[in-house]
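Below: the structure, in structure tokens.
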Amino acid sequence: MLDPKVLRADPRAVADNLARRGFTFDAAMYAELEAERKAAQSEAESLQAQRNTLSKRIGEARQQGEDATEMMAEVTGLGEQLEHRQAALASIRQRLDAWLIGMPNLLDPEVPDGKDPQDNLELRRWGEPVEFDFEPLDHVQLSEHWGLLDMRQAAAMSGARFSVLQGELALLHRALTQFMLDLHTRQHGYEECYVPYLVNAASLEGTGQLPKFRADLFALDGEQHFLIPTAEVPLTNLLRDTILEASELPWKKIAHTPCFRAEAGSYGMDTRGLIRQHQFEKVELVLAVHPEESESALEELTIHAEAVLQALELPYRVVSLCGGDIGFAAARTYDLEVWLPSQKAYREISSCSNFRDFQARRIKARFRPDQEKSPQPVHTLNGSGLAVGRTLVAVLENHQSEDGSVQIPDCLAPWMNGVTRLGVAE
RNA sequence: GGAGAGGUGGCUGAGUGGCUGAAAGCGCUCCCCUGCUAAGGGAGUAUGGGCUGAUACCCCAUCGAGGGUUCGAAUCCCUCCCUCUCCGCCA
């Protein structure tokens, strides 16, 4: 949620900023509604003040055995006026709130201009895409050949965009997860959390998935609960209605969870293999930091995610998302894109964002700058560290050999139970 | 799922219609006293909003959430949520 004070102070600037996203904000209309709210609120509050004073005097008069009939008549009249004013105020408030909750975050000035992924700005590359002296297979060909991936049974029991991993492929999938968790907890200072996979609507509103992106979510029991689309939701909501001491910042959490996405609107997109599934695993990093620290925290967070790709020896690039491609709640986002030989393209494997105070305002996550000062919103950030399914795909495709086997990166050894190559005939 | 008990400030906990945004204690901050330590004395200590140059004053709201009764609700009534105890079921 945007800071209402910023909106009131300079609605024009807000409109200009949001236009870079392709979002239209009617500043004049907003200013008008805001003026109405102000008037209605002042009137309602002064009526309440009068009522409170009179009621108090009635009490005092009664206690001294005096007659209070006249004052009571007066206050009854006040009550009716008050009711009208309050009803008016409530309806204006409701309209303003609905408006505010549907507005995306302001873009950081550094965000490149543009309308789609074509316009994203490449910041750097790491590693060289492998030049195979044979035609590389894609991850489906590799793993189905070994009998370790069963898309057919997954489709039979659940439908499209589900998968069944077996044997050493499932082991590799688990090893990747463990590796990521240990790397980030031991070397990057994140605290591991186990969190609910079902959350309520308020939590999703807090992080920005609702109300606008309902179609991307799976709902249960009449929308009492939703399956989480990312661990960002439960992790960030740990800070709801919380005031942290300055000494508790930076606040760094990590969780490994399944993620569920309806993938509405992506029909025909990435239909093959494990790239785009309704259910996938992800290791998610979430931070809450001092507002002055959030820019540097985004750089650091991105480096933490990159560390996973580097350890796995996977070539990738970092792109800064343009105004038209960046998410609703983010002020700035870096995507990590891993090289996929089968597609001869870089594909998203992690997304690291600075939300500044946008989510913090929605969930009332604050910190106390120092004793005496009143609390103010923290800045939140999150990033995938990484999407496990896509990492599995990248490992298979980048580390394959001509015989269809795959070399397992050394860093996974502690979890691979002695397996160093996949797809080797026993 | 059934029965019962509860949800009050950073914490414990009083408070059954007005003088309670809230006693008392603990914690915390500042000051005084004190060779050190310990003990003692005093003051302060919620959040959001409005107003404002102001994180000063003043005003409004908030005692789980929402609604109702009343001139007036932490206190009475209704609905919902959550916690605890016992029973049932269960990994």
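The chains referred to below are lettered A, B, ... by the order of the sequence lines, with proteins before strands, and numbering in each begins at 1.
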Item to check | d(CD1, A:Ile243; P, B:G48) in whole Å | outcome: 7 Å
Next on the checklist: Could you tell me how far B:C57 sits from B:C63 if I compare only their P atoms? Round to whole Å.
Outcome noted: 23 Å
Checklist entry - What does B:C19 pair with, Watson-Crick or G-U, if both distances are under 3.5 Å? => result none
Next on the checklist: For a 4.5 angstrom cut-off between non-hydrogen side-chain atoms, does A:Met72 reach A:Leu54?
Outcome noted: no
Checklist entry - Say you pick atom C1' in B:U8 and the same atom in B:G35; how far apart are they, in whole Å? => result 46 Å
Checklist entry - Is the shortest side-chain N/O distance from A:Gln48 to OP1 or OP2 of B:A61 below 4.0 Å? => result yes
Next on the checklist: Can a side-chain donor-acceptor contact be found between A:Thr207 and A:Glu232 if the only test is distance below 3.5 angstrom?
Outcome noted: no
Item to check | Separation between the C1' atoms of B:U52 and B:G13, rounded to whole Å | outcome: 38 Å
Checklist entry - Does B:A43 have a Watson-Crick or wobble mate here (both distances under 3.5 Å), and if so which one? => result B:U29
Next on the checklist: In whole Å, I'd like the distance from the CD atom of A:Gln86 to the C1' atom of B:C60.
Outcome noted: 10 Å
Checklist entry - Where each residue is assigned the nucleotide of RNA chain B containing its nearest heavy atom, which of A:Met72 and A:Gln41 is assigned the position nearer the 5′ end? => result A:Gln41
Checklist entry - A:Arg368 side chain N/O closer than 4.0 Å to the phosphate oxygens (OP1, OP2) of B:U45? => result no
Checklist entry - Atom CD of A:Gln81 and atom C1' of B:C71: how far apart are they, to the nearest Å? => result 15 Å
Checklist outcome for this item: Applying the 3.5 Å cut-off to both distances, the Watson-Crick or G-U partner of B:G66 turns out to be B:C78
Checklist entry - Expressed in whole Å, how much space separates the P atoms belonging to B:G53 and B:G64? => result 37 Å
Checklist entry - On RNA chain B, nearest-nucleotide positions of A:Glu60 versus A:Val75: which is more 5'? => result A:Glu60
Checklist entry - Considering only B:C71, B:G49, B:C59, which nucleotide approaches the side chain of A:Thr76 most closely? => result B:C71
Next on the checklist: Looking at A:Arg161 and A:Glu263, would you say the former's side chain and the latter's main chain have a donor-acceptor pair under 3.5 Å?
Outcome noted: no
Checklist entry - Taking the C1' atom of each, how far is B:A65 from B:C51, in whole Å? => result 29 Å
Next on the checklist: For B:A73, give the paired nucleotide (Watson-Crick: N1-N3 plus N6-O4 or O6-N4; G-U: N1-O2 and O6-N3; both under 3.5 Å), or none.
Outcome noted: none
Item to check | Euclidean distance, atom CG of residue A:Leu78 to atom C1' of B:U70 [Å, nearest integer] | outcome: 15 Å
Item to check | Polar side chain donor-acceptor pair, A:Ser342 to A:Glu397, under 3.5 angstrom | outcome: yes
Item to check | Distance-only side-chain donor-acceptor flag, A:Arg93 / A:Gln41, under 3.5 Å | outcome: yes
Checklist entry - In whole Å, what separates the C1' atom of B:U85 from that of B:U79? => result 25 Å
Next on the checklist: Does this structure show an ion pair linking A:Glu43 with A:Arg85, if we count only N-O contacts that are shorter than 4.0 Å?
Outcome noted: yes
Checklist outcome for this item: A:Asn52 atom CG is separated from B:G50 atom P, nearest whole Å, by 19 Å
Checklist entry - Of all the choices, B:C59, B:A46, B:C71, which nucleotide is nearest to the side chain of A:Glu45 once you look at every atom? => result B:C59
Checklist entry - Among side-chain atoms of A:Asn52 and A:Ser55, is any donor-acceptor pair under 3.5 angstrom? => result no
Checklist entry - In the structure shown, which nucleotide is the Watson-Crick or G-U wobble counterpart of B:U37, with both distances under 3.5 Å? => result none
Item to check | Rounded distance in Å between the C1' positions of B:C58 and B:G40 | outcome: 38 Å
Next on the checklist: Whether the side chain of A:Arg51 and the base of B:G72 hold a donor-acceptor pair under 3.5 Å is what I'd like checked.
Outcome noted: no
Checklist entry - To the side chain of A:Ser42, which of B:U47, B:G50, B:C71 is closest? => result B:G50
Checklist entry - Expressed in angstrom and rounded to an integer, what is the separation of A:Arg37 atom CZ from B:G48 atom C1'? => result 13 Å
Checklist entry - Can you tell which of B:C71, B:G48, B:G50 lies closest to the side chain of A:Arg366? => result B:G48
Next on the checklist: Nearest whole Å is fine: how far is B:U55 P from A:Gln376 CD?
Outcome noted: 13 Å
Next on the checklist: Partner lookup for B:C58, please. Criteria are Watson-Crick or G-U wobble with both distances under 3.5 angstrom; report none if nothing qualifies.
Outcome noted: B:G50
Next on the checklist: Could you tell me how far B:G15 sits from B:A73 if I compare only their C1' atoms? Round to whole Å.
Outcome noted: 13 Å
Checklist outcome for this item: Checking N1-N3 plus N6-O4 or O6-N4 for Watson-Crick, or N1-O2 and O6-N3 for wobble, each under 3.5 Å, the partner of B:C90 is none
Checklist entry - Looking across every strand, which nucleic acid part, if any, lies under 4.0 Å from A:Lys38 by heavy atom: base, sugar-phosphate, or nothing? => result sugar-phosphate
Checklist entry - Does the side chain of A:Glu110 come under 3.5 Å of the side chain of A:Ser320 through a donor N or O and an acceptor N or O? => result no
Next on the checklist: Base, sugar-phosphate or nothing for A:Arg8? Non-hydrogen atoms, less than 4.0 Å.
Outcome noted: sugar-phosphate
Checklist entry - Of the nucleotides B:G50, B:C19, B:C71, which one has an atom closest to the side chain of A:Lys56? => result B:C19
Checklist outcome for this item: Taking a pair to mean Watson-Crick or G-U wobble geometry with both distances below 3.5 Å, B:U85 pairs with B:A3
Checklist entry - Base, sugar-phosphate alone, or nothing: which one does A:Ile58 contact when heavy atoms must sit under 4.0 Å apart? => result base
Checklist entry - Nearest-Å distance, CG (A:Leu47) to C1' (B:G50)? => result 14 Å
